[in-house]
Amino acid sequence: MSPGTSPGTSTRAVDLRKTYPGRRGAPAVAALDGLSFAVPDGTVFGLLGPNGAGKSTTVRILTTLSRADSGTATVAGLDVAREPDAVRRAVGYVAQKPVTDPMGTGRENLVLAGRLQGLGRRDARARADELLERFGLTGAANRLVKTYSGGMARKLDVALGIVHRPQVLFLDEPTTGLDPEARAEMWAEIERMTGDERMTVLLTTHYLDEADRLAARVAIVDRGSVVVEGTPSELKDGLHGDTVVVELDASAALVLPDGAAPARARLTRLVVEAGLRDVVVDGAQVRGRAEVGSAALPGVLATLDAAGVPVASATVARPSLDDVYLRYTGRAYGAADRTGAVVAEEVAA
């Protein structure tokens with residue numbers, strides 16, 4: 001075990017920084033800006049944040065596919081910069097994009113992956129059959145991967161990532177694009193990896209409900225650094241009171257014709273005066289917090305009605321990870337996701 005890595009948290013990042021040069025003379029993009037976190041062994045740890053927050057860059061550094069400009073990282077007790085070969089043997093990595101050969105069968109892909117990981121021919125075939133059964137792909141084992149559905153292809157991606165029984169598995173946005181049934185099946189498999197096999201799983205996702213369901217701990221990443229870390233329950237319980245969400249009717253645009261920024265400012269002022277705090281207006285949605293949401297909601301609705309702002313619906317709920325994100329970043333998660341997608345495109349270019 002490397003120096004400074006305590007038992008139980010053998011995977012960690014400390015003050016990671018990474019800057020990409022801007023394209024066509026544009027300013028450089030700081031993908032990571034002092035990012036730090038620690039992953040408890042044998043658990044699912046969620047890196048949660050919008051597109052462009054720095055999640056994929058972090059995973060690439062921890063899996064030795066990229067180098068940080070500065071900072072340190074250990075994975076499975078191994079220093080990523082000094083022991084890259086050992087790190088690669090200890091980890092599995094399932095990227096956002098498929099890595100399978102679409103012109104090969106599911107079985108052929110798995111056997112090849114096993115051989116590349118050092119398994120003998122017989123062991124590679126046995127492991128392939130084991131994983132095909134485990135992921136419900138036995139019936140499609142001899143079909144070309146290009147004929148697989150999205151859910152089947154993603155299952156095969158994960159099977160490839162664990163063919164060598166890694167200590168730490170990195171799953172980068174594993175359920176993006178999956179239908180609800182395939183997504184639920186993936187969640188069940190991730191829970192089995194940590195529950196039955198005690199594998200450590202580092203999961204990057206921009207789905208708040210996914211992190212809430214699967215992760216023992218989460219780190220919320222924003223603009224290249226961790227803004228808060230803890231268990232989902234701890235983070236939500238730290239927000240006292242209720243969340244109030246008001247969806248405006250489409251006709252609200254007729255009574256708020258003075259441009260986006262003035263309209264948001266007016267709506268914010270109205271609902272703050274009605275008793276909400278931490279207010280964010282995102283399109284037709286107004287979101288805020290109150291100590292007792294059910295008590296505050298009638299006043300909010302009355303205030304909007306008096307101002308001639310039509311409301312389509314309103315809800316009161318306990319805090320969510322969306323509210324945690326809002327509390328620590330000052331903006332709604334959906335708005336950050338749209339902004340982050342632009343940054344991600346710049347970095348990718």
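The first residue of the sequence shown is numbered 1, and numbering continues consecutively from there.
Between Thr74 and Asp79, the side chains place no donor N or O within less than 3.5 Å of an acceptor N or O (distance only, hydrogens not considered). For Thr64 and Arg88, the side-chain atoms include at least one donor-acceptor pair closer than 3.5 Å. Side chain to side chain, Gln96 and Glu173 fail the donor-acceptor criterion of an N or O pair below 3.5 Å. Of the N and O atoms on the side chains of His240 and Glu291, not one donor lies less than 3.5 Å from an acceptor on the other residue. No hydrogens or angles considered: a donor-acceptor pair under 3.5 Å links the side chains of Asp172 and Thr204.
Here the side chain of Arg115 pairs a donor or acceptor atom with the backbone of Leu119 at under 3.5 angstrom.
Within a 6.0 Å radius of CD in Glu191, other residues, nucleotides and ligands contribute more than 12 heavy atoms. For Arg134, the CZ atom is densely surrounded, since the number of other residues' heavy atoms within 6.0 Å is greater than 12. Residue-environment remark: CZ (Arg67) stays at or below the threshold of 12 foreign heavy atoms within 6.0 Å.
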side-chain hydrogen bond (donor to acceptor under 3.5 Å, both in side chains) between Asn109 and Thr100, worked out: CA-CA 6 Å; Asn109 272 272; Thr100 50; 4.9 Å; no

Check the pair Glu210 / Thr205 against side-chain hydrogen bond (donor to acceptor under 3.5 Å, both in side chains), numbers first and verdict last. CA-CA 7 Å; Glu210 185 162 88; Thr205 181; 2.9 Å; yes

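The one candidate from Val201, Thr200, Val218 that meets the side-chain contact (heavy atoms from CB on, under 4.5 Å) condition with Val44 is Val201.
With contacts defined as side-chain heavy-atom distances shorter than 4.5 Å, the pair Leu276/Arg289 does not qualify.
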